[in-house]
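What follows is a single structure, written as structure tokens, with notes after it.
For ligands, and for the atoms within them, numbers begin at 1 and follow the listed sequence.
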Amino acid sequence: MFSFGLGVHRGYRNNGYASEATRIIMRYGFYELRMQKCNSSCVEINEASLKFHKNLGFIEEGRRRRIIYMDGKFYDNILLGITREEFDEIESEYSKIKHQ
Ligand SMILES: CC(C)(COP(=O)(O)OP(=O)(O)OC[C@H]1O[C@@H](n2cnc3c(N)ncnc32)[C@H](O)[C@@H]1OP(=O)(O)O)[C@@H](O)C(=O)NCCC(=O)NCCS
């Protein structure tokens, strides 16, 4: 299993940089290190991060309830994951589109 964390400077968001960087990390994890699973997570109100993970093919696997405290409130942490087989499928579609 492997994981990652990232942040993109505010002025550079929504350009696909996080998605492209994470694809590189996932190729390294799955194809170079031969890992079978990538796990990640994000706080339930982080809509940009949720969208970014789902765009990459991450599947919501569960939630840890009320474990993140921010600005006087508790929030759930959403657990996300993608398997090697799921990534293989997405990669083959992605490379078809990229080389059209
Ligand atoms: C999450 C983060 C890394 C994404 O970086 P990015 O370079 O903007 O990501 P991408 O451009 O590859 O993809 C972002 C996607 O989120 C969507 N998005 C952005 N803001 C959104 C919002 N408020 N609500 C819903 N979707 C949103 C974008 O439209 C895009 O999806 P699309 O390609 O289908 O249009 C960036 O927002 C960030 O650094 N946030 C602060 C740190 C953080 O939250 N890190 C992750 C912790 S789990």
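- The shortest contact between atom 15 (C) of ligand 1 and any protein heavy atom is with Lys51 CG, 4.1 Å.
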Ring pair (Phe, Tyr, Trp, His ring centres under 6.0 Å) assessment of Tyr28 paired with Phe4: CA-CA 12 Å; Tyr28 179 70; Phe4 64 90; over 10 Å; no

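- Of the charged side-chain nitrogens involved, at least one lies within less than 4.0 Å of a carboxylate oxygen, so that Lys37 and Glu61 count as a salt-bridged pair.
- Residue-ligand proximity, Asn15 to ligand 1, at heavy-atom distances under 4.0 Å covers atoms 11 (O).
- No part of Ser40 comes within 4.0 Å of ligand 1, judged by heavy-atom distances.
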Residue pair Asp88, Tyr31: steps toward the side chain to side chain donor-acceptor pair (under 3.5 Å) verdict: CA-CA 10 Å; Asp88 282 347; Tyr31 301 144; 2.6 Å; yes

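- Nearest residue to atom 4 (C) of ligand 1 from Ala18, Ser19, Ser49 is Ala18 (criterion: closest heavy atom).
- For ligand 1, the atoms lying closer than 4.0 Å to a non-hydrogen atom of Ser41 are 48 (S).
- Given atom 45 (N) of ligand 1, the protein heavy atom at minimum distance is Leu6 O, 2.8 Å.
- For atom 24 (N) of ligand 1, the closest heavy atom belonging to the protein is Glu47 CB, 3.4 Å.
- Of the listed options Asn14, Leu80, Asn55, Asn55 places a heavy atom closest to atom 32 (P) of ligand 1.
- The part of Asn46 lying near ligand 1 is the side chain, judged by heavy-atom distances below 4.0 Å.
- For atom 39 (O) of ligand 1, the closest non-hydrogen atom of the protein is Val8 N, 2.6 Å.
- One option in Ala48, Gly16, Gly5, Ala21 has a heavy atom closer to atom 21 (C) of ligand 1 than any other, and that option is Ala48.
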Verdict with reasoning, Arg27 to Glu32, per salt bridge (Lys or Arg N to Asp or Glu O under 4.0 Å): CA-CA 7 Å; Arg27 284 182 201 125; Glu32 302 292 329; over 6 Å; no

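- Closest to atom 36 (C) of ligand 1 by heavy atom, among Glu20, His53, Arg13, is Arg13.
- Leu6 and Met35 fall within a single hydrophobic cluster, where Ile, Leu, Val, Met, Phe, Trp and Tyr side chains are chained together by heavy-atom contacts under 4.5 Å.
- Relative orientation of the Phe58 and His53 rings is perpendicular, given thresholds of 30° and 60° on the angle between their planes.
- If you number the atoms of ligand 1 from 1 as listed, the ones under 4.0 Å from a heavy atom of Gly7 come out as 39 (O).
- Using cut-offs of 30° and 60° for the angle between ring planes, the Phe30 and Phe2 rings count as perpendicular.
- With respect to Asp76 and Arg65, no salt bridge is recorded, no charged nitrogen being found less than 4.0 Å from a carboxylate O.
- Between Glu44 and Arg63 there is a salt bridge, with a side-chain nitrogen of the basic residue lying less than 4.0 Å from a carboxylate oxygen of the acidic one.
- Of all atoms in ligand 1, numbered sequentially from 1 with element shown, those under 4.0 Å from a heavy atom of Cys42 are 48 (S).
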